[in-house]
Amino acid sequence: MKALFLVGFMGSGKSTLGKELAQRLSWDFFDLDNEVERIHHQTIPEIFNEYGETRFRELEKEVLRTFETKTKSFVLATGGGTPCYFDNMEWMKKTGEVLFIDTAPDELLKRLKGTKTGRPVLKALNPENFEEEMLILLEKRRPFYLQAPWILEKNARNIDEVIHMLNS
Ligand code: S3P
């Protein structure tokens, strides 16, 4: 059984790439946010509204740990904050491969503008200063993402290299 954890900022393409990788490897694909929502019968915004971010981070950590028991190889797209809390990054590195999807900040900005409703962390940023605050958050998180042993700047050749690495 092999595990691949995809980490990166919101909008970096973790789910899209994760599905593609899982399909090409014939591994299972999971999205951590979807798993949190499925197990707790509430959407991420509902969890944030009702219990706050601290509680969400605990639930996220608990659900992440359930992946230890998988018997079939899988790709997991984590949430943008997952590697930045508790010892989640250490745990992922111990449990499998960790790949940081390093999408350019201007591309992230383009993708994230106007998608705030489903993402409470973006909703909490000052809309008057959205770009600047998002970039500050990205800079704060980057040192965590950079703890991933594998970093992907997305293009077809790099994706083939990831597949090769996982198959070997
Ligand atoms: C978050 C990112 C979201 C989700 C939650 C918090 C974050 O996941 O886990 O809203 O702190 O960056 P995506 O990266 O899939 O949007």
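Start at 1 and go down the list; that is how both ligands and their atoms are numbered.
I101 belongs to a hydrophobic cluster whose remaining members, ordered by chain and number, are L4, L6, L17, L21, L25, W27, F29, V75, L99, W150, L152, I159, V162, I163, M165, L166; membership requires side-chain heavy atoms of ILVMFWY residues under 4.5 Å apart, directly or through intermediates.
In terms of modelled atom types and a separation under 3.5 Å, the side chain of N88 and the main chain of T82 share a donor-acceptor contact.
Ring to ring, F67 and W91 are not that close: their centroids are 6.0 angstrom or more apart.
The immediate protein surroundings of ligand 1, defined as residues with any heavy atom under 4.0 Å of it, consist of M10, K14, D33, I44, F56, R57, G79, G80, G81, R119, P120, V121, R141.
Cation-pi geometry between K70 and F30 is satisfied (NZ or CZ under 6.0 Å from the ring centre, within 45° of the ring normal).
Nearest heavy atoms, P83 versus G80: CD-O, 4.1 Å.
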Ring pair (Phe, Tyr, Trp, His ring centres under 6.0 Å), that's the test. Do Y51 and F56 meet it? Break it down for me. CA-CA 7 Å; Y51 307 104; F56 168 73; over 10 Å; no

